Amino acid sequence: MLQIYNTLTRQKEIFKPINPGKISMYVCGITVYDYCHIGHARTSIAFDVIARFLRSQGWDLNYVHNITDIDDKIIRRANELNEKHDQLTARFIDAMHDDEQRLGILPPSVEPRATEFIGPIIELANTLVQKGHAYAANNGDVYYRVTSFPGYGKLSDKNVDELLAGARIEVGDVKEDPRDFVLWKAAKEGEPSWSSPWGNGRPGWHIECSAMAKKCCGDQVDIHGGGADLQFPHHENEIAQSEAANGHQYVNYWMHVAPLRVDGEKMSKSLNNFFTIRDVLEKYQPEVVRFFLISSHYRSPINYAEDNLIEARAGLDRFYTALRDYSDVLPASLSELADSDYYKAFVQAMNDDFNTRVALAGMFDLVRDLNNAKNNPEQARNLAGQLKALGLVLGVLQENPEVFLQAGGSNQIAAAEVEQLIVERIQAKKDKLYARADEIRKELLAAGVVLEDSRDGTTQWRREST
RNA sequence: GGCGCGAUAGCAAAGCGGUUAUGCUCUGGAUUGCAAAUCCAGCUAGUCCGGUUCGACUCCGGAUCGCGCCUCCA
């Protein structure tokens, strides 16, 4: 039985779909004015794992992951780079897809872009104006009237009155109330714009998600997710918009992924302490990064630190070492797994608010049993197939073990050179020249390569995680 | 200041009112020409102070510390 921690109620709840067997899941994506950082990767991977798991359990999942491709930062960056805004966004969308592919993130069911939903956005803004929840200011901006929505603050536990105290009042503000937020922004000279009942302009940030969720998922969404930093104001504003317009509950289960930290602080654009995905992948294998990010629960903050990445590689080393002799074994099918205790433990862990850490712990148990079963090839192959099947749900363990183990590390020495030294060493061993054999071992170890002799006289090698 | 989250062994990170989490590290043993890998065994826990309970790391209260949101942010 699937349980999900709901930010709205601050507790784990038994999941009940709106439509039997179906789940709609809307996840806030990225504003594409720069390369994605690994904080973005954390959220994307968390929901990728959730999507993979839900599908594996037979749910008919509609996973919507949007792209914000028009906003102030995009316009500013395009001006800085003297580039058209849509060229800029196209470039960074390509980069994002590239990063996602490398990290094993499967494409969502739908990937709507704000600029493709201008019509529905205007329609929604219009509805809100007509219902008295929004108003057009005299400069062509349209604002949401926060005090018109009684439930405002329910997601983030904010008190509307206290928000007034902290609200920023800008010079020349045309809002009725400092808490009001923009639905439609009048265009200045030269800015990209679309025509609307209020003149040329562009959508505000929050309304695009309300509009796209409505079009892609319907008026009510099963699961809506994103980074924890979107809880307020973004998701709070989405609720205000959608519930005021639709007249009923917008989202049943709100899920928020904890921030990734650097030196104990949140990694973010504004703090400028972020590492882009491509920077990180220069240094670590994609699967190592992915494994690191799923090694803790999605609601726990994790620290991006070298030691933790090395540990992730060490964990994967254990998995891939166990799978070494079974590169030809295919992941078991779900029907083959039905009676497996490992599978049951895995599903139980994942059903408990997607506890990947506990799921992995069970997979390590499976590794031990697999290593113990090496004298029973049939059983061993069966266990290897199970392990790969569980790995597939998490999006890991699908590489060829030798390829994985021989990649990464410092790469001080080429694979061909390693192979050559191994040939020389095997000859030395045959000649009982153990001093020479040990010398080669030491030399390679200094270059981060570990040799592993086997009983039949062959030698396997891998690169160390450091 | 308001709202919220967390504090677990050398490190990382989970569940659980009483029974081994797990991974890495470390120690001993098996194995190995030496190693590595693997297996077996073991060592290190629950920030502090109270309370509830036969019994608390687990529930309740308080303190301390850390973090997030309150402004664009996944």
Side-chain angles (χ1 to χ4, degrees), chain A residues 7 10 27-31 33-34 36-47 65 68 71-73 76 153 155-159 161-163 165-168 170 205 225-234 236 256-261 264-272 274 291-292 295-297 299-303 305 307-308 310-319 321-322 324 348-349 352 355-365 367-372 374 405 429 432-435 437-438 441-442 445 449-455 459-462 464-465:
Chain A
T7 310
R10 300 197 182 281
V27 175
C28 289
I30 288 145
T31 303
Y33 67 101
D34 201 351
C36 295
H37 59 65
I38 52 170
H40 295 125
R42 184 186 193 188
T43 302
S44 296
I45 287 173
F47 285 105
H65 192 210
T68 297
D71 101 316
D72 291 359
K73 290 186 292 294
R76 193 188 325 133
L155 178 66
S156 50
D157 276 345
K158 302 278 184 228
N159 180 306
D161 295 331
E162 281 162 2
L163 285 171
R168 185 193 288 176
E170 282 162 28
W205 175 37
D229 47 3
L230 296 185
Q231 204 174 310
F232 187 91
H234 184 56
E236 196 71 60
H256 291 98
V257 180
L260 192 73
R261 292 177 183 172
E265 275 194 312
K266 190 180 94 160
M267 176 181 296
S268 75
K269 288 279 172 84
S270 52
L271 291 172
N272 205 36
F274 63 91
F291 190 84
F292 159 65
S295 293
S296 54
H297 187 76
R299 280 189 288 111
S300 302
I302 43 174
N303 218 27
D307 286 354
N308 293 339
I310 290 171
E311 192 181 299
R313 159 80 194 214
L316 280 171
D317 279 352
R318 181 160 167 81
F319 280 119
T321 302
R324 241 180 181 171
Q348 192 178 0
D352 184 9
N355 197 329
T356 49
R357 181 67 184 201
V358 172
L360 286 170
M363 288 164 67
F364 279 114
D365 291 337
V367 165
R368 195 194 325 105
D369 293 344
L370 167 58
N371 287 330
N372 272 322
K374 299 259 164 156
L405 293 167
K429 279 170 62 180
K432 306 271 183 200
L433 298 170
Y434 290 122
D438 290 350
R441 179 194 291 292
K442 260 189 206 169
L445 191 60
V449 170
V450 181
L451 297 187
E452 299 177 1
D453 293 342
S454 58
R455 233 169 260 218
T459 297
Q460 290 179 299
W461 66 278
R462 64 187 164 84
E464 274 190 318
S465 35

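Within every chain, numbering begins at 1; the chains are lettered A, B, ... in the order of the sequence lines, protein sequences first and strands thereafter. Quantities reported herein were computed from a predicted structural model and do not represent experimental measurements.
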Is the base of [N] touched by the side chain of [X] through a donor-acceptor pair closer than 3.5 angstrom?
{"X": "A/Ser156", "N": "B/rC3", "value": "no"}
{"X": "A/Asp438", "N": "B/rG33", "value": "yes"}
{"X": "A/Arg357", "N": "B/rU22", "value": "yes"}
{"X": "A/Lys158", "N": "B/rC69", "value": "yes"}

So which nucleotide does [N] pair with, by the Watson-Crick or G-U wobble rule with both distances under 3.5 Å?
{"N": "B/rC39", "result": "B/rG29"}
{"N": "B/rC48", "result": "B/rG62"}
{"N": "B/rU20", "result": "none"}
{"N": "B/rA56", "result": "none"}
{"N": "B/rA9", "result": "none"}
{"N": "B/rG4", "result": "B/rC67"}

What integer distance in Å separates [X]:[atom1] from [N]:[atom2]?
{"X": "A/Asp229", "N": "B/rC5", "atom1": "CG", "atom2": "P", "value": "18 Å"}
{"X": "A/Asp365", "N": "B/rA13", "atom1": "CG", "atom2": "P", "value": "20 Å"}
{"X": "A/Leu163", "N": "B/rG1", "atom1": "CG", "atom2": "P", "value": "18 Å"}
{"X": "A/Glu265", "N": "B/rG68", "atom1": "CD", "atom2": "C1'", "value": "11 Å"}
{"X": "A/Leu360", "N": "B/rG15", "atom1": "CG", "atom2": "P", "value": "14 Å"}
{"X": "A/His297", "N": "B/rU8", "atom1": "NE2", "atom2": "C1'", "value": "17 Å"}

Distance check, [atom1] atoms only: [N] and [M], in whole angstrom units.
{"N": "B/rA37", "M": "B/rC69", "atom1": "C1'", "result": "47 Å"}
{"N": "B/rC60", "M": "B/rC65", "atom1": "P", "result": "22 Å"}
{"N": "B/rA7", "M": "B/rA14", "atom1": "P", "result": "9 Å"}
{"N": "B/rA13", "M": "B/rU27", "atom1": "P", "result": "24 Å"}
{"N": "B/rG46", "M": "B/rU8", "atom1": "C1'", "result": "4 Å"}

Reckon [X] touches a base, only the sugar-phosphate, or nothing at all at heavy-atom distances under 4.0 Å?
{"X": "A/Leu260", "value": "base"}
{"X": "A/Met267", "value": "base"}
{"X": "A/Gly264", "value": "sugar-phosphate"}
{"X": "A/Tyr434", "value": "base"}
{"X": "A/Lys432", "value": "nothing"}
{"X": "A/Arg299", "value": "nothing"}
{"X": "A/Asn303", "value": "nothing"}
{"X": "A/Gln460", "value": "nothing"}
{"X": "A/Gly29", "value": "sugar-phosphate"}
{"X": "A/Gly226", "value": "sugar-phosphate"}

Evaluation steps, side chain to side chain contact (heavy atoms under 4.5 Å, CB included), between A/Leu260 and A/Ile38:
CA-CA 8 Å; A/Leu260 192 73; A/Ile38 52 170; 3.4 Å; yes
The test is side chain to side chain contact (heavy atoms under 4.5 Å, CB included); show your working for A/Ile30 and A/Cys36 and say whether it passes.
CA-CA 8 Å; A/Ile30 288 145; A/Cys36 295; 3.7 Å; yes
Under 3.5 Å: donor-acceptor pair, side chain of A/Arg313, backbone of A/Glu464
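Flag not set: sc A/Arg313 to bb A/Glu464 has no pair under 3.5 Å.
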Between A/Arg357 and A/Ser295, is there a donor-acceptor pair closer than 3.5 Å when you use the side chain of the first and the backbone of the second?
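Confirmed, A/Arg357 side chain pairs with A/Ser295 backbone.
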Of A/Gln231 and A/His234, whose nearest nucleotide on RNA chain B comes first from the 5' end?
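That would be A/Gln231.
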Picking from B/rA13, B/rG15, B/rA74, which would you name as closest to the side chain of A/Leu230?
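Minimum distance to the A/Leu230 side chain belongs to B/rA74.
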Let me have a per-nucleotide readout for nucleotides 35-47 of chain B, 5' to 3', with B, S or -, counting only protein heavy atoms under 4.0 Å.
BBSSSS-------
In terms of the angle between their ring planes, are A/Phe274 and A/His37 parallel, tilted or perpendicular, with boundaries placed at 30° and 60°?
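Answer is tilted, since the angle falls between 30° and 60°.
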Pairing residues for A/Arg455 by the side-chain hydrogen bond (donor to acceptor under 3.5 Å, both in side chains) criterion, not counting sequence neighbours
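Partners of A/Arg455 by the side-chain hydrogen bond (donor to acceptor under 3.5 Å, both in side chains) criterion come out as none, since no residue qualifies.
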Please indicate whether A/Lys442 has more than 12 foreign heavy atoms, meaning atoms of other residues, nucleotides or ligands, lying under 6.0 Å from its NZ.
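Count not over threshold, so no.
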At less than 4.0 Å, is any side-chain N or O atom of A/Ser300 found next to OP1 or OP2 of B/rA14? Yes or no.
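Yes.
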